[in-house]
Each structure stands twice: as structure tokens, then as C-alpha cells.
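Taking it in order: structure first as C-alpha cells, then the write-up.
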Amino acid sequence: MAGTEPQQIFSDEALATKPRSRALALAVTLIAVGMSLYHMYVAAFGPPEAVIFRGTHLLFALTLVFILYPLKPGGAAGWRVLDFALLILGWACVLHIFLNYEYFLNRIIYIDDLTLADKVFAVSCTFVVLEATRRVIGLPLPLTAVAFIVYAGFFTHVTPQVLMEQIYLSTEGIFGSTLGVSASYVMLFVLFGTFMEKSGAGQLFMDFAMSITGHTAGGPGKVSIVSSSLFGTVSGSAVANVMVDGPITIPLMKRTGFRPPFAAAVEAVASTGGQIMPPVMGAAAFVMAEFLSVPYATVALWAAIPAVLYYVAVFFAVHFEAKRHGLAGVPKSQLPRLGRVLADRGHLFIPALLVLFGLMLGFSGPLCALIGALACLPLALARKLTRAGIGWKNVVEALEDGARNTLSVAMACAAAGVVIGCVTITGLGITFTELVVEVARSHLVLALVMTACAGIVLGMGMPTTPSYIVMVSLLVPALIKLGAAVPAAHMFAFYFAILSAVTPPVALAVFAAAGLARCNMWQAGFESVRIAAPTYIVPFMFVYEPSLLMMGDWFTILTSSISASIGVMCFAAGLQGYLLREARPWERVLLVVAAVLLIKPGYMSDLVGLALLAVVGFSQKAQKAALPAAAAVDRAK
């Protein structure tokens, strides 16, 4: 799914400590299953009041975090006592609101004085949330939240009481809309992904990719692209995607001649694209839908063309690398046949299609994800070949894994709520917008470069979702003020928050892939930037021409999409140094220039770009034809 977004080298489940006692392990299973069933019930029959729903989601998440992520794994019993003390404190903070809900609703915020209990629980809740976030996703996000709290408390006129109210006793802080997105959308789509995995869809994705691309030049690399894009539609986590696909695709690429750093880069870049691949994208896409008050299906529609351009760029990078080094595919005799794959396992695509059609028909995202999840295992049981190993154990495992894989997003959203609360109450967003506008001096492109750099830097230490949220709070308003369309500004921030996973120095998807490929991380990072280079340009282009976001008339959308697709192909050719044959330096330069002109929407720039591409094509064709003739003359001599 889309919502599981543990931006780490391994999955949350791998990092979590397994409870030592059977009783505690059973408790974890029961709590996780209970969490999943609760959210499935809510998706089917409707949620309670917002704060109650979000608070219950937070209670489940805190309980699992403090059990699964101890302060000192393997430490003495005293450390576990501290873990459970923090857990009890977290429960007390949330129950204080639940048990005094009428008081919470009827008090006049920023006017009524806080009670001593309110102040104690406000400070305690903030501390517990940030500590739980630190345990799951590391220090950067909690430190960012602390920096915003310090700014609000010591460098503005906001009083401590107002700040505590904002963070704890309002829906603009911890219990804000970001936590609501985790509770309502992310949880259900994570469950959908785990049920798809337990039904055997992973094998379908791999066999499907092998059957259609395995035999072509550089086939294993293309298998990685297709399978990662398919798995990404139900995973949404770049690192999780690498850890599922990589152990199969990376060794296969290495065996057929790909350099280890290039193989790692292909898997990392292909896996990262899953977060922008409809119908199920990364968790930040659901936050975007909430911020913009649009259906999630609309966000998926905006992302469709950029996602296609992303994978076109990666596909041609692999193709040209394979051609340049003479790398063949896997013999057809060793590959599964497409017809047989679809006949045997094709029915496992149905849950994903149900989600897609449900979203297109206007049903809510959580309900579509619930229906898709419930359809997975019955469909697997419908055929003898896919029935093996499917039982009640799979159901329990899917429910447990769904809850555990949500923890990183749940805690990131709660901690991001602290940041949003501080930004809102201090007016920092407005101040920062004015600063960016002043620095950019009315030049949108300069503001875009600043936002892109911020997205990559933020993404080094934080998952995509909080990176995107921080950019929305501080930078996106400036882009809108300078003339960018609102959807384009949000998509720009979303895109660069995702690209940080493959951009050194801290490229977590590359770390994971390089480990599997047993190669130097910096070499793999350089290759990943080279492979993904066209995708760094696409966001700039859809800001200036929203037709690449499916906005506008269909003729413009179609022509812009075709020219941009040819453009990213040219960019890949220029960077890999191969089109019809190995490219000379001047041909590579012309290919890159043609790429920029073609990606930039506009008929005149498209014509010039096509002309440059034609020049290179004719030049290479002439060289190719001259080689046999020269060889014949040499033989005659």
C-alpha cells in the first residue's frame, strides 16, 4: 500500500524487537489484529467523532510501538518497566481527552484557562509522541518538531498555554488532520497491501514481469522495473519494495552482465516510483487529498502522467545501458509464458482492479481498500494453484502485519501534527512564504529550485509524508503566490520528497539495494541519480504546463504527454551514451538539449527538440551503415 512508508533500510517489522515471552507475543498479535479489525469496521460502518477516532488510532499505535521498540533491546527488566511506564503515560494522555470529552468540546480555546491536569498531559503527550516517533523512524523528525516548539515558545509572542492548547487540545496539533489521514486512509491501504501479499500476488507480479520483458535486451533490469512498479501499487514504501523485489531481481541482473552499482540503482529507482504510481500511491498522496479537499482519485489522476514518465525514463536507461554493453535477456525457454501466467494467477489482479474501479466510481478510498482486502484471500482460494498454503493463519498474519506496518506512518503523522500546530499558531508559514518570495524576487523557477532542494534535504532524515507536510507548511504557499497552480505546487513538493530516497548522500532505497548487490553505496547513488535524472526535470515542467497533470483539454494533454515521453527517452539516451549506437560527445549533448525542449510543453520547443533528435538519429544511422562498408573495404584490401 500506499501507506506503509517506513523510510529505513529495512522494514519496520525487521527493526522491531520480537517479544521474548509467549504471553507478550500473543498480546502483540491480539492488539495488532484488534487494531486492524477496528479500522475495517470503521471503514465499513463509518467513524466516530474525529478526535475519538484519531485518539483510538494513536492508542493502538503507541501500545504497539512501546512493546515492539523497547528503549534498550535485550536490556534489563528495569528498562522494560520504563517502556511500560511511558505506555501508561501515553494512555493517560489520550484517555484524559476521552473521559473529559464534553469539557474538550465546550471549552473556548485560547480563552479558557488550562487546568493543571491539562498542562501536565499536554507536555506529557507531546513527549510521548515524539519519543515513540524516534523509536520507529529515528531522530530527525522529533528534533524538527522540538525546533519548532522552541521557536514558538521562545522566539514569538505565543504564550506557553496557547502553545499547549494548540498542540494537545485542538484539532490543529497531534490530533489533527494528518493523524486522521493515517487512521482513515493509510491503515486500510496498508491492510490491502498485506492481504495482497498473503494471497500470492508478489509471485504474480514477478512472473508477469518476467514473461513480458525478460527476453529483451537487459531483460532482468526491465523485469525489476515492471515488478517494482506493480508491487509499488500495493506497497508505497521504496525500501520495503527493494527488500521484496531486490533479492530476486538484483542477482538476476548481475548474472546477465549488469554492473552491481547499476543493478542496485535500477532496483532502488524503480522501487521508489511506487509512491507515485496510481491507483495506490504513497501515504503523502492521501495527506494531499485531505489538504486540498479533493477525492483521492483526483490526486491519483494528477499523478498518472508523471508516474508514466518516471518509469519510461528508467526503462530506457536500462535499455540503452544493456545495448551499449551488449547485454542479452534471459532465453525464452527459461521464462514463464504470459498466457500461462494469466491463466494460472491472473485472477489475483482482481482486488487491485476493484480498488481502481471503486475509486473511479467515486466510492471512498477506505471503503475501496476494504473491499479489495476482503477479496484477496477468497480469490486466492478460488483456484487450486493459488490455494496452497492459504488458511486462517494468513488472515491473522495479514491483520497483524497491516497494523505493524502502519506504525511508522501513524507516529510520523502525529509528530508532524506538532510541527503543523507550531507553524499555524505562530504564523511562520506566512513569514516563510514572504521570505521565499523576497529571495526569489518574483522568479518562480528560483522558488522551485529552493523547494526541490528543501524536499531532498528534508527527505534525507524523514519519511515522505512529514517531508511533504513541512514543505506544504513553509514552501508550497510561496509557489502558489508566485503563480503555480495549487495542484502543481503540491505535486512538486510531493515528487521531490519522494526523490530524496534515491538522492545521495542519504538515499535510503539505494542503501538497501546496495546492500543486496554488495556494492559501494556511493557508486550506486551516482548511478541512481543518472538513471532518475529526467525525473528531476519533469516536476518543473508540470508546474509551467499543468497539462502533464491531466489539467486542460485532451488534445494538449495528449500532445504534451507524447512529447514529454520522447523527451525523457532522449535524456536517458544522452546520459547513457547510446541511441541507435554508442553516441559521440556532441550527440550526447544534442540528445540532452532535445530532451529538455521536448519535456517542456509547447509546440515550438517540441519541433526544435524533434529536429535535434532527428539530427542525431540520421547521424547514428549513417555511421551504422558506414561500418559494414568500411569493413568490406578492409577485407578487399
Side-chain angles (χ1 to χ4, degrees), residues 2 225-226 228-230 232-233 236 269-282 284-286 288-289 292 294-317 352 355-357 359-360 448 451-452 455 464 468 479 484-499 502 531-572 594-603 605-606 609-610 613:
I225 295 166
V226 176
S228 295
S229 65
L230 290 172
T233 63
V269 176
S271 294
T272 299
Q275 293 187 69
I276 58 169
M277 175 56 73
V280 184
M281 299 157 62
F286 299 98
M288 188 191 305
L292 296 179
V294 298
Y296 167 73
T298 302
V299 175
L301 186 67
W302 293 336
I305 295 175
V308 170
L309 294 176
Y310 184 98
Y311 279 106
V312 167
V314 182
F315 185 90
F316 277 107
V355 173
L356 176 60
F357 289 132
L359 292 171
M360 290 173 61
L448 291 172
T451 304
T464 302
Y468 164 73
L479 300 183
V486 174
H490 280 260
M491 282 296 297
F492 186 91
F494 176 51
Y495 212 102
F496 275 99
I498 289 170
L499 284 175
V502 293
I531 291 170
T535 64
Y536 291 87
I537 296 177
V538 171
F540 288 87
M541 298 312 177
F542 64 56
V543 169
Y544 284 98
E545 180 48 77
S547 62
L548 292 177
L549 297 179
M550 294 274 198
M551 298 170 64
D553 63 274
W554 282 104
F555 180 76
T556 303
I557 292 171
L558 183 63
T559 54
S560 297
S561 303
I562 293 172
S563 66
S565 298
I566 299 172
V568 295
M569 181 270 290
C570 288
F571 214 135
V596 174
L597 292 171
L598 286 162
I599 296 172
K600 176 186 178 298
Y603 298 120
S605 62
D606 289 348
L610 288 172
L613 175 60

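Taking the six-membered ring where tryptophan is involved, the planes of Tyr296 and Phe286 are essentially parallel, since the angle between them stays under 30° and well short of 60°.
Distance check, rounded to the nearest 0.5 Å: CD1 of Ile225 to OH of Tyr310 gives 10.0 Å. The CD1 atom of Ile557 sits 6.0 Å away from atom CD1 of Ile305, with the distance rounded to the nearest 0.5 Å. For the atom pair Cys570 SG and Ile599 CD1, the distance stands at 8.5 Å (nearest 0.5 Å). Atom CE of Met551 sits about 13.0 Å away from atom OG1 of Thr556, to the nearest 0.5 Å.
Shortest non-hydrogen contact noted between Ala497 and Tyr468 is CB-N, 4.2 Å. Here the shortest heavy-atom pairing between Gly274 and Tyr311 reads N-OH, 3.1 Å. Counting all heavy atoms, side chain and backbone alike, Phe492 lies closest to Ala452 at CE2-N, 3.8 Å. In terms of heavy-atom proximity, Leu613 sits nearest to Ala594 at N-CB, 4.2 Å.
Each of Phe496, Tyr495, Phe571 was scored for a side chain to side chain contact (heavy atoms under 4.5 Å, CB included) with Thr535, with one residue passing: Tyr495.
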### Query
Glu545 and Ser560: side-chain hydrogen bond (donor to acceptor under 3.5 Å, both in side chains), yes or no, with the steps?
CA-CA 9 Å; Glu545 180 48 77; Ser560 297; 5.4 Å; no
### Query
Is there a side chain to side chain contact (heavy atoms under 4.5 Å, CB included) between Leu598 and Ser605 once you walk through the steps?
CA-CA 6 Å; Leu598 286 162; Ser605 62; over 6 Å; no
### Task
Give the C-alpha distance, both sets of side-chain angles, the deciding distance and a yes or no for side chain to side chain contact (heavy atoms under 4.5 Å, CB included) between Leu448 and Val543.
CA-CA 9 Å; Leu448 291 172; Val543 169; 4.0 Å; yes
